[in-house]
Amino acid sequence: MNPLELAGARPGPAFTVTFDGRPVEALPGQTVAAVLWTAGVTSWHTTRGRGRPRGVFCGIGVCFDCLVTVNGRPGRRACLVPVRPGDTITTQDGPGHGEVRGED
């Protein structure tokens, strides 16, 4: 059974955000991570030393593996940030400030 039907939830109308330049559908109340997972994206951050792919690990805002850039602001935890219509989300390389520090 669909979880929305089970809970009797009725989300508002879908809207569009962009991820790395491509349009992605989102629902009100979804986090960036939920939107990306739904779109089939499992990695949107690379580690600062070796550039290894990362996505959601803990899902509760503790581990920082899901860092993403939202509307030009780097270092946002995708598992905690709710999407808004028109958001621009981009893959974050390392710390997201243009520099590479240390090793993985």
Taking [Y]'s backbone N and O only, do any of them form a donor-acceptor pair with [X]'s side chain (distance below 3.5 Å, no angle check)?
X	Y	answer
T47	R52	yes
Q92	G75	yes
R77	F64	no
H45	V68	no

(message) According to salt bridge (charged side-chain N to carboxylate O under 4.0 Å, His left out), does anything in residues 78-92 pair up with another residue at least two apart or in another chain? List the pairs.
(response)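 Listed by first then second residue: R84-D87.
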
Hey, are the side chains of [X] and [Y] touching, using non-hydrogen atoms and a 4.5 Å cut-off?
X	Y	value
V70	V32	yes
F19	T91	yes
T16	P23	yes

(request) Over all heavy atoms of both residues, which pair between T31 and C79 is shortest? Give the atoms and the distance, please. (result)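 Looking at all heavy atoms of both residues, the closest pair is CG2-O, 3.4 Å.
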
(message) Rounded at 0.5 Å granularity, tell me how far CZ in F57 sits from SG in C66.
(response)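 Going from CZ on F57 over to SG on C66, the span is 11.5 Å.
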
(message) Could you measure the distance from the OG1 atom of T18 to the CD1 atom of I89? Nearest 0.5 Å is fine.
(response)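 The OG1 atom of T18 sits 7.0 Å away from the CD1 atom of I89.
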
(message) Among residues at least two apart in sequence or on other chains, which ones pass side chain to side chain contact (heavy atoms under 4.5 Å, CB included) with F15?
(response)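 Scan of F15 (side chain to side chain contact (heavy atoms under 4.5 Å, CB included), adjacent residues dropped) gives V17, A26, P28, V83, P85.
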
Residues 34-43 side chain polar contacts: donor-acceptor under 3.5 Å, at least two apart:
unit_1, atom_1, unit_2, atom_2, d
T38, OG1, A34, O, 2.8
S43, OG, R54, N, 3.3
S43, OG, R54, O, 3.2

(message) Same cluster or not: V24 versus V56, using hydrophobic residues (I, L, V, M, F, W, Y) connected whenever any side-chain heavy atoms lie under 4.5 Å apart?
(response)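 Same cluster.
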
(message) Less than 3.5 Å apart, any donor N or O on the side chain of T46 or D93 sitting next to an acceptor on the other?
(response)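 Per modelled atom types, T46 and D93 side chains form a pair under 3.5 Å.
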
